[in-house]
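One-based numbering, in listed order, for ligands and for the atoms of each.
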Amino acid sequence: MTEPHRPGVPGRRRLRIVHLFPDLLNVYGDAGNVRTIVVRAEARGILVDVAEVRAGSRSVPAADILLIGGGQDREQLAVARALAEHGAAIRDEIAAGAALLAVCGGLQNLGWSYRHSGGDIIAGPGILDLRTEAGPTRMVGPVLAAMRGGPGAWSGRDEVVGFENHAGRTWLGPSARPFAMVEIGHGNNGQDGTEGILAMPGEDGLAGLRIGTYLHGPVLPRNPQIADALIAAAMARGAQSADLAPLDDADEWGAHDAYASRSRERRTRERRLPRPLQRLVAPLRSLIGF
Ligand code: GLN
């Protein structure tokens, strides 16, 4: 079912959020990303409404921001079926300037293809220029990564933190740009250091900003600069910037910095372990998911 947007109040700035497949993709509290956008927009006096596209929805409502979370392979198959129907409409929204945040399974589903753990290849709409193949081990743990360039240069805060847990190895298209480069963690594939994907407004013929990432947590509460970049891009509908009043983010940055220092301390502890034990850490994490 597609919930219709509530009508807005004339004269007030309005932000239409569309949460894609919350019934199928919502691990590690990814719905918290929607909540973060709502709270941060409303704090600026922006009128927000939230609609959902579910597996059985008949259409995609008009959007300023689209969000999609992560999930498991079984749910991703259902999402792929729904995207066969709705992928073009989602692309049209982004082409017209809607911003996108796609996390983990959602990132995989919105790429060109995903070879899941059962071996079959699921086709995607190619809204993100990437391909994914499930690997033999899970890549699990804290991530600390540095963003380079990007919207408003991320207000000068180029570090992003979060938690990853995925078997999929993602490879970006030849001209695609990573969202960030990992300092700690596996990132897209455990090999090339890239984390996620970033497409700026206007690239690939789509006016909307697109951010794809493996980071859960959820990612936006601890990385408020990314939430604001999405809101600003959505309000500007593809233009370079929109004025957003600054908020008091002391708690958010406190949580961010605590996560970053815990991740660095943990890495330091692991590096002190004898080499053979160090080599056991990743497989152990992969087995018990910590
Ligand atoms: N099923 C996917 C994988 O393991 C996505 C996992 C997730 O969204 N956390 O790669």
Side-chain angles (χ1 to χ4, degrees), residues 19-34 53-55 66-83 90 100-125 127-145 160-172 178-180 182 184-197 210-223 226 259 263 282-290:
H19 191 179
L20 299 171
F21 312 113
D23 48 335
L24 295 166
L25 300 179
N26 179 22
V27 290
Y28 302 119
D30 286 338
N33 291 326
V34 176
V53 174
R54 292 177 173 255
L66 300 141
L67 294 105
I68 184 168
Q72 303 309 317
D73 284 7
R74 195 159 59 100
E75 282 72 34
Q76 288 182 251
L77 285 170
V79 169
R81 282 193 292 274
L83 282 174
I90 292 169
L100 169 74
L101 175 69
V103 175
C104 200
L107 165 151
Q108 297 171 351
N109 268 116
L110 291 180
W112 293 109
S113 63
Y114 173 41
R115 197 180 73 201
H116 64 78
S117 47
D120 291 337
I121 296 180
I122 311 175
I127 290 170
L128 300 174
D129 184 14
L130 52 84
R131 293 172 198 280
T132 304
E133 297 188 351
T137 54
R138 300 197 71 75
M139 301 194 283
V140 186
V143 177
L144 209 151
V160 57
V161 296
F163 174 79
E164 64 179 339
N165 182 355
H166 53 108
R169 273 74 170 157
T170 290
W171 302 96
L172 302 182
F179 170 53
V182 287
I184 294 174
H186 302 86
N188 285 338
N189 49 56
Q191 289 182 39
D192 65 10
T194 62
E195 203 297 313
I197 186 167
R210 283 139 285 158
I211 297 172
T213 178
Y214 269 106
L215 299 184
H216 297 284
V219 65
L220 294 185
R222 272 191 292 232
N223 299 283
I226 299 165
Y259 194 92
S263 307
L284 262 178
R285 282 217 182 113
S286 157
L287 271 177
I288 55 180
F290 74 102

Item to check | Arg169 side chain to Thr137 side chain, donor-acceptor N/O pair below 3.5 angstrom | outcome: yes

Item to check | Under 4.0 Å to a heavy atom of Gly70 - the qualifying atoms of ligand 1, by number | outcome: 8 (O)

Checklist outcome for this item: Out of His166, Gln76, Glu133, the nearest non-hydrogen contact to atom 2 (C) of ligand 1 is supplied by Gln76

Checklist entry - Are any of the side-chain heavy atoms of His216 and Asp30 separated by less than 4.5 Å? => result yes

Next on the checklist: Students should be able to answer this: which protein heavy-atom is nearest to atom 6 (C) of ligand 1, and at what distance?
Outcome noted: Gly71 O, 3.2 Å

Item to check | atom 3 (C) of ligand 1 - nearest protein heavy atom and its distance | outcome: Ala167 N, 3.4 Å

Checklist entry - Can a donor-acceptor pair be found between the side chains of His186 and Glu164 at a distance below 3.5 Å? => result yes

Next on the checklist: Within the 4.5 Å heavy-atom criterion, are Ile226 and Thr213 side-chain neighbours or not?
Outcome noted: no

Checklist entry - For the atom pair OH (Tyr114) and CG (Asn109), what is the distance rounded to the nearest 0.5 Å? => result 8.5 Å

Next on the checklist: Within the 3.5 Å criterion, strictly below it, is a donor on Asp129 or Trp112 matched to an acceptor on the partner's side chain?
Outcome noted: yes

Item to check | Arg138 near ligand 1 by a heavy-atom separation under 4.0 Å | outcome: yes

Checklist entry - Backbone, side chain, both or neither: what part of Asn165 comes under 4.0 angstrom of ligand 1, heavy atoms only? => result backbone

Checklist entry - In terms of ring plane angle, is the pair Tyr28 and Phe163 parallel, tilted or perpendicular, where the classes change at 30° and 60°? => result perpendicular

Checklist entry - Taking distance alone, with no angle check, do Gln108 and ligand 1 share an N/O pair under 3.5 Å? => result yes

Checklist entry - How many angstroms lie between atom CZ of Arg115 and atom CG of Asp73, to the nearest 0.5 angstrom? => result 12.0 Å

Item to check | Which of the ligand 1 atoms, numbered from 1, are nearer than 4.0 Å to a heavy atom of Gly168 | outcome: 3 (C), 10 (O)

Item to check | Top protein contact for atom 7 (C) of ligand 1, by heavy-atom distance | outcome: Cys104 SG, 2.8 Å

Next on the checklist: At under 4.0 Å between heavy atoms, is it the side chain or the backbone of His116 that contacts ligand 1, or both, or neither?
Outcome noted: neither

Item to check | Residue Asp73 vicinity, atoms of ligand 1 by number, heavy atom under 4.0 Å | outcome: 1 (N), 2 (C)

